[in-house]
Number of protein chains: 2
Amino acid sequence: MSSDLEVLQEALRGSGQRLTPQRMMVLSALAEQESHVTAETLLDLVRLDYPYINLSTIYRTLDLLVELGLVAETDLGGGVRQFELVGTHPHHHLICQRCGQTVEIGDDTLQPLRDRLQSHYGFEARMDHFAIFGVCKACREG
Amino acid sequence: MSSDLEVLQEALRGSGQRLTPQRMMVLSALAEQESHVTAETLLDLVRLDYPYINLSTIYRTLDLLVELGLVAETDLGGGVRQFELVGTHPHHHLICQRCGQTVEIGDDTLQPLRDRLQSHYGFEARMDHFAIFGVCKACREG
DNA sequence: CTTGCAGCTGCAAAGAGTCGCAATAAAGCG
DNA sequence: CGCTTTATTGCGACTCTTTGCAGCTGCAAG
């Protein structure tokens with residue numbers, strides 16, 4: 001299915017931006033991933049097809065996709081940012097600061113907060129992929 | 001008031017760590033600030049008293065203080081991290097991705113989410129200073 | 001008061017991400 | 001199909017932050 005590419009094309013056209021081979025390759029590499037990827041990983045993946053692509057192009061493309069709401073970015077705590085296509089499987093992470101374990105939670109958990117921000121502040125929160133740090137049950141009891 | 005130092009001393013003793021002049025200077029510089037500061041700013045402040053302190057000491061001290069829950073760190077989006085003493089004035093930020101404006105919201109807004117994470121997942125979320133990105137009312141209507 | 005040893009500090013160098021700029025190449029147009 | 005405009009690319013330099021290491025120091029036991 002090429003709907004991702006179509007969405008990209010649409011989004012780019014809408015804001016007067018260009019559909020370049022590099023952008024298509026980045027998006028296609030993203031679409032192949034099951035889970036989060038780093039910029040470095042994407043660089044390697046795209047270089048399989050096109051060895052001349054530059055890391056800053058990857059970053060700029062990712063920034064653009066994030067801005068368009070097509071990609072979610074998250075810092076899961078390791079000092080490296082993770083990127084992921086939005087919409088396929090909306091979720092968030094609880095990260096234990098003691099043991100480092102991460103638990104995935106559904107997007108519906110954040111809906112009440114979203115609603116509240118909307119009604120109280122008129123703010124449309126874009127929480128596509130949140131990382132919430134804290135202490136897990138096991139570590140608190142141990 | 002020296003309660004910050006007492007808290008620090010207590011916390012350090014508990015985990016077998018040391019109370020060094022550098023750490024005291026960093027904490028004291030933090031305590032003088034009204035609002036967020038960057039590591040670089042802290043470096044300048046501490047160097048007023050002790051010109052030999054190293055930037056990595058600042059970062060390591062901040063990491064430690066964050067781990068102990070005394071300091072909150074936030075990336076407000078500018079690529080530079082902001083640090084702030086916890087407890088004085090718990091708050092969070094809504095940041096508009098269009099116009100860049102930030103709005104401060106009270107900590108109580110996040111309490112329902114905290115409660116939910118606690119009851120559903122046994123997870124004690126540490127959301128000391130959140131940055132929530134999205135689109136503000138003005139930008140959505142304009 | 002001295003000593004031993006974690007735990008710190010400062011330094012230098014590596015990682016991660018960003019920026020400015022000249023060259024390139026999409027898209028639209030005739 | 002070639003031309004023009006202008007966004008985008010690739011590159012190198014730069015910023016912010018982390019890490020490895022060698023030497024130093026707080027602190028508690030002797």
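In what follows, chains are A, B, ... by sequence order, proteins preceding strands, each numbered from 1.
- Interface remark: the A:S56 side chain does form a donor-acceptor pair with the D:dC11 base, using a distance-only criterion of under 3.5 Å.
- A:R18 contributes a side-chain N or O that forms a donor-acceptor pair with the base of D:dA7 under 3.5 Å.
- Listed pair A:Y50 / D:dG10 meets the phosphate criterion, a side-chain N or O lying under 4.0 Å from OP1 or OP2.
- Taking for each of A:Q22 and B:Y59 the nucleotide of DNA chain D with the nearest heavy atom, the 5'-most of the two is the partner of A:Q22.
- For A:F130 and B:F130, the ring centers sit closer than 6.0 Å to each other.
- Ion pairing of A:D108 with A:R114 is absent here, as no side-chain N (NZ or NE/NH1/NH2) approaches a carboxylate O to less than 4.0 Å.
- The end-to-end axis angle of the helix from C:dC1-D:dG30 to C:dG30-D:dC1, rounded to 10 degrees and based on five pairs per end, is 30°.
- Of the side-chain N and O atoms in B:N54, none sit less than 4.0 angstrom from OP1 or OP2 of C:dT9.
- As judged by a 4.0 angstrom heavy-atom cut-off over every strand, B:L55 is placed among the base-contacting residues.
- Look at A:T20 and you won't find any side-chain N or O under 4.0 angstrom from OP1 or OP2 of D:dT8.
- Each of A:P21 and A:E40 was matched to the nucleotide of DNA chain C holding its nearest heavy atom; the match closer to the 5' end belongs to A:E40.
- When the C1' atom of C:dC8 is taken as reference, atom CE of B:M25 falls 13 Å away, rounded to whole Å.
- Rounded to whole angstrom, the span from the CD atom of A:E73 across to the P atom of C:dG17 amounts to 9 Å.
- Aromatic rings of B:H91 and B:H36 (six-membered ring for Trp) have centroids within the 6.0 Å cut-off, being under it.
- If you check distances only, the side chain of A:R81 never reaches the base of C:dA16 with a donor-acceptor pair under 3.5 Å.
- With rounding to whole Å, A:R13 atom CZ is found 7 Å from C:dA27 atom P.
- No donor-acceptor contact under 3.5 Å links the side chain of A:R60 to the base of C:dT18.
- A distance-only check finds no donor-acceptor pair linking the side chain of A:T57 to the backbone of A:I53 [under 3.5 Å].
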Start with the C-alpha distance between A:T74 and A:H93, add both sets of side-chain angles, then the distance that settles side chain to side chain contact (heavy atoms under 4.5 Å, CB included), and finish with yes or no. CA-CA 10 Å; A:T74 316; A:H93 295 273; 5.7 Å; no
Start with the C-alpha gap between B:R81 and A:D75, add the side-chain angles, then the distance that decides, and say whether salt bridge (charged side-chain N to carboxylate O under 4.0 Å, His left out) holds. CA-CA 13 Å; B:R81 287 193 292 162; A:D75 178 3; over 6 Å; no
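- Toward the 5' end of DNA chain D, the nearer of the two residues B:T38 and B:Q17, judged by each one's closest nucleotide, is B:T38.
- Remark: A:E67 pairs with no residue by the side-chain contact (heavy atoms from CB on, under 4.5 Å) rule, at least two apart or across chains.
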